[in-house]
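First the proteins, then the strands, lettered A, B, ... as listed; each starts at 1. Only a predicted model underlies this, so the values are computations on that prediction, with no experimental measurement involved.
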Amino acid sequence: MAEKNKTYLPQALEEHWQAVWRERRAFATRGEGEPFYVLEMFPYPSGDLHMGHVRNYTIGDVFARFQRMRGHDVLHPMGWDALGLPAENQAIREKIAPQIRTPKNIAQMKAQMEKLGLAYDWAREIATYQPEYYRWNQWFFLKMLERNLVYRRETTVNWCPGCNTVLANEQVRDDGTCWRGHAGVTTRAIPEWAFRITAYAEELLADLDQLAAWPERIVSQQRNWIGKSGGARVRFPVAGRPEPIEVFTTRLDTIFGCTYVVLAPEHPLTATLTSAAQRAEVEAFAERTRKTDKIERTAEGAVKEGVFTGAMAVNPFTREPVPIWIANFVLADYGTGAVMSVPAHDQRDFEFALKYRLPIKPVIFPADGGPLPSPLTEAFTADGVLRNSAAFDGLTSAAAREQMAAHAERERFGQSAISWHLRDWGFSRQRYWGTPIPIIYCPEHGPVPVPEGDLPVVLPDYADVQLTGEGGAPLAKLPAFYATSCPICGKAARRETETMDTFVDSAWYFARYLSPELTTAPFDRDAARTWLPVDIYVGGPEHAVMHLLYFRFWTKVMRDLGLVEIDEPVVRLITQGMVNAPAFRCPSHGYQPAAPLLAQPESERRCPTCQQPLQMAVEKMSKSKYNGLDPMALINRYGADTARLYTLFAAPPEKDLEWSPEGVDGVARFTARLFRVAAAQAETVRQAPLPTGMQGLAGADAELRRAVHRTLAKVSDEIGTRNHFNTAIAAMMELCNTLHEHKLHETTTVAPGVVREALLLVAQMLAPLAPHLAEEIWEQAGGEGLVAHARWPTPDPEALTIATLSLGVQVNGKLRGQIEVPIDASDELIAARAQADENVARFLAGKTIRKRVVVPGRLVNFVVSG
RNA sequence: GCCGGAGUGGCGGAACUGGCAGACGCGACGGACUCAAAAUCCGUUGUCCGAAAGGGCUUGUGGGUUCGAUUCCCUCCUCCGGCACCA
């Protein structure tokens, strides 16, 4: 900047450099260097960045800027996940068209991102609400329909009789009322469209092995979600019925202990086989189950309940009759919707049997021949040896599972089978603000795909739709939208009025950035060959399962469509922890805005309405808890560099972050100190020739140069290898303290060349983290061009050498002394020095040294006795 | 309930492969500068005993493995994320 001021005024300085970057299009791809794709999960454009965004995008920005300095050709785009429920709810509340509101929100958030100094190539911006984007959702739908990866099925959804519409899980409150206050939320079965993700289950599981650079916890969550388990299907005939009950079990070895079977209340057989005597009870129970929503039902830490249907099935192994029950914990759309219950060997079945006084029959006994308590006090769930199992007695569980499956297959009442936890992806939504599903229902030809040439099916204007949140799919009220003709026969037909799950948008957006303007294909194949897979993907761990699984699934589909040549979308995944903050809650009036309360002394924090003392807890920042802190306030007060450094300094990326504004001051001091050092030295060092090595350097010159290069080695490792930005910043703070010890903030005796090198290296190290200040220091010290485009420096190995080491000396594992030894000291010399230490000698006196452990470079330990 | 993760000073965190626990920062305390305040600069700061040298204790709980455990194993507790229509 012209007219240097020695006071650090970050706002003006940052605006200046942001303008320079913008003018020079500093973050466009260059077309030279190894391609490197850095991606962050794109946001829903709510209108304001929150702290979670700031953290997410700052972390991504560090990677992008660092890899650019490493010489890569970096692709770093940003876009908007604009469709979905929040925008629709806002439209209902505020009566503003999402088409109007969304671009405004986007403009505002984009301005905020620019103020943070994020290095995006804005020429590649995408927004999913634009027909230019979602037409490709529709195109993919048609392609997947052709390949039998899309189908129609029945599903159960939350239904609010008051709103007369389907509710998202989020719109159902704990007490069974809907988000708008209606009571009596229930579930109901409706048809929907689904993606056959299960066709890829085996590959989605196997390819987890390719994800070596993903966090282990994400991989295991995916593995468990896919949930492959080996077992068997067995058919239990029902007296007087043609159709048997099919169950899946992983414990076929326990089947002689099966004393009842349980169906889901929605199971198709439930209605037909219930006896007349039990009908009223069974129907009442099914109705009650429907009224508890899906989440609560599976979250059945609560109550396991069931009723007898009055019907009996036959255990095909024992040929004995067993009662058929229905229960709330068995789900229709999971497995076969029916389970065989073995109370002796399954804890849930055991509890259920006790409650309803069903027989408990042990058939597996400990392999060591030990007894089981009689009566059982809990289920014996381990593998063991079979008894009471006829021909299979004496077999181990594992052997029995094999032989019994073979037996079942021979006898044609079952076979071994694999079961998956993963279910197909239902993506129909009865909503307006989503991608219209390109299907036309013809009375004659049934569901007919919209011809590819007629895409996109464009969402009708908001003005034509009455968004009330009531009465089912909004598009179904709009004849101008749905009235059409059949593409096959031309007769009057009706469009599909449901829209797609927004997970569809985010399943492939990473590829759209490669060629955002393309109108002939979702993306350019050559560009995909160049840029994919994504090298680093940064986002929240809340997406560990669903989004990332859909993302992986879609990539494999795109591969099979011949669009990409990769199996997996992302090489390296970084999941950043959440940003939490204190939230205040009044027992009577709910959450209260945290910001004014934090400004008050603790004793005065009371509910503004009723003056009760408030409960405080650290919770995820969110609007509904009123504990969000506006990042723009932070940036306006301290500058973007300090805000960035603080979010990076407070915790390593993957850890949750408890936001406390106090710590910011320390980082603000650090940036201001660095600025003052650069400003103090600029005049004297700008032209100084740089040192070429350690020759001729002594005293403070040598000391400072060593410190700078040591810091560079540390920072390179922390940023480049370990991604621990907090410790990188700590190392730079230490260096800053060293610069102060050498009086670089005023007049120093250190040689100008050494000072200039220090400043240039500081600017380069700082460039990914605090890019504006880095540019400023770079310029002050006479760096060439932009530091954003400079190469990441390499430490001078000569400056990293050291002559002596300091080792700890332990006696019996307790630290008793400290010694200095030459770097190449032998174990004998180390031991001699250690024993010579006065305090160590005290602890060795009169004892026998039984063992000596020398850990190179760390410590020496004497094991003594006597 | 099931799946995944986390727990270290007054606070955020560090300790990379089993090797000197508490780097760096906040806060607090003391000092310099100032008429004064802010800013800045210097110092102290896990805890207990001790004048000091030094010693005891200490990484959610209880146990185990090891010369040595924040790190590995088992038990329990607490908190956080996900659970398929929030994204």
Side-chain angles (χ1 to χ4, degrees), chain A residues 41 43-44 81 84-86 89 155 157-158 166-172 192 215-218 220-225 227 294-295 298-302 304 329 333 348 421-431 501-503 505-506 540-547 549 575 577-578 580 617-620 646 649-652 654-660 662-667 669-670 672-673 676 717-718 721-722 724 726-727 729-734 737 740 745 806-810 812-815 817-818 838-839 842 850-853 855 857-864:
Chain A
M41 290 180 184
Y44 163 72
D81 190 13
L85 190 61
N89 289 346
T155 188
V157 293
N158 301 309
V166 177
L167 297 180
N169 286 336
E170 195 191 53
Q171 295 173 313
V172 183
E192 69 164 359
E216 186 49 48
R217 61 179 187 281
I218 305 293
S220 41
Q221 279 182 82
Q222 292 238 332
R223 180 171 289 118
N224 289 326
W225 186 261
K294 283 168 104 177
I295 298 199
T298 40
E300 108 286 335
K304 296 168 195 57
F329 59 82
D333 47 2
R348 187 176 59 186
H421 176 258
L422 181 68
R423 313 208 293 263
D424 280 333
W425 169 12
F427 63 91
S428 291
R429 300 290 182 266
Q430 292 68 37
R431 308 204 178 275
D501 181 4
T502 55
F503 273 126
D505 309 318
S506 55
E542 66 273 26
H543 296 295
V545 174
M546 301 188 59
H547 161 63
L549 199 66
T575 49
M578 275 174 322
N580 301 321
V618 175
E619 299 181 57
K620 179 177 171 173
Y646 183 59
F649 182 62
E654 71 277 10
K655 280 192 86 165
D656 284 354
L657 178 64
E658 279 178 28
W659 187 267
S660 66
E662 286 90 40
V664 183
D665 288 320
V667 177
R669 252 168 239 158
F670 167 65
R673 272 154 66 102
R676 284 196 301 269
D717 180 50
E718 297 290 350
T721 311
R722 301 186 61 213
H724 280 194
N726 55 333
T727 48
I729 294 166
M732 295 182 67
M733 285 175 165
E734 282 184 80
N737 292 341
H740 269 71
H745 58 298
S806 175
L807 301 183
V809 183
Q810 297 183 336
N812 283 347
K814 286 196 184 262
L815 188 68
Q818 197 69 223
E838 201 182 320
N839 199 47
R842 216 154 57 80
R850 312 194 74 90
K851 193 172 175 183
R852 187 185 74 198
V853 182
V855 184
R858 303 248 183 216
L859 56 72
V860 49
N861 184 21
F862 295 104
V863 185
V864 301

Once you round to the nearest 0.5 Å, how far does [atom1] of [X] lie from [atom2] of [Y]?
X	Y	atom1	atom2	answer
A:His724	A:Glu654	NE2	CD	4.5 Å
A:Thr575	A:His543	OG1	NE2	11.0 Å
A:Asn224	A:Leu422	CG	CG	12.5 Å
A:Asp81	A:Met41	CG	CE	11.0 Å

I want to check one thing: is the phosphate of [N], taken as OP1 and OP2, less than 4.0 Å away from some side-chain N or O of [X]?
X	N	value
A:Asn169	B:rA84	yes
A:Arg669	B:rG27	yes
A:Arg722	B:rC16	no
A:Lys814	B:rC57	yes
A:Thr502	B:rA87	yes
A:Asn224	B:rG4	yes

[atom1] atoms of [N] and [M], separation to the nearest Å:
N	M	atom1	answer
B:rG82	B:rU71	C1'	27 Å
B:rC72	B:rU59	C1'	16 Å
B:rG4	B:rG9	C1'	30 Å
B:rG22	B:rU47	P	14 Å
B:rG56	B:rA6	P	32 Å
B:rC73	B:rA84	C1'	35 Å

(request) Ignoring hydrogens and angles, tell me if any N or O in the side chain of A:Asp656 forms a donor-acceptor pair with the backbone of A:Met578 under 3.5 Å. (result) yes
Q. When you measure from the side chain of A:Asn812 to the backbone N and O of A:Val864, does any donor-acceptor pair fall under 3.5 Å?
A. yes
Within the 4.0 Å heavy-atom criterion, would you say [X] contacts the bases, only the backbone, or no part of the nucleic acid?
X	result
A:Gly577	nothing
A:Glu734	sugar-phosphate
A:Ala650	sugar-phosphate
A:Arg223	nothing
A:Ser806	base
A:Tyr44	nothing
A:Trp425	nothing
A:Glu654	nothing
A:His421	base

Determine whether any donor atom in the side chain of [X] lies under 3.5 Å from an acceptor atom in the base of [N], or the reverse, and answer yes or no.
X	N	value
A:Gln430	B:rC85	yes
A:Asn861	B:rC67	yes
A:Gln818	B:rC20	yes

* Ring geometry between A:His745 and A:His740 (parallel below 30°, tilted from 30 to 60°, perpendicular above 60°) -> parallel
Identify the nucleotide, in any strand shown, that forms a Watson-Crick or G-U wobble pair with [N], with both distances under 3.5 Å; if there is none, say none.
N	value
B:rG1	B:rC83
B:rA38	none
B:rG50	none

Give the nucleotide from the list [options] with an atom nearest to the side chain of [X].
X	options	value
A:Arg858	B:rG25, B:rG19, B:rA87	B:rG19
A:His543	B:rG55, B:rG13, B:rA87	B:rA87
A:Asp665	B:rG27, B:rG7, B:rA84	B:rG27
A:His740	B:rC41, B:rC16, B:rC24	B:rC41
A:Val853	B:rC67, B:rG7, B:rC85	B:rC67
A:Glu170	B:rC86, B:rC20, B:rC85	B:rC86
A:Lys655	B:rC20, B:rC85, B:rG13	B:rG13
A:Arg429	B:rG82, B:rC85, B:rC67	B:rC85
A:Asp656	B:rC80, B:rG54, B:rG4	B:rC80
A:Arg217	B:rG25, B:rG4, B:rC20	B:rG4

Atom CZ of A:Arg217: over 12 foreign heavy atoms under 6.0 Å: yes
On RNA chain B, more 5' by nearest nucleotide between A:Gly813 and A:Ala730 is A:Ala730
Assert: residue with more 5' nearest nucleotide on RNA chain B, out of A:Glu718 and A:Glu838, is A:Glu718
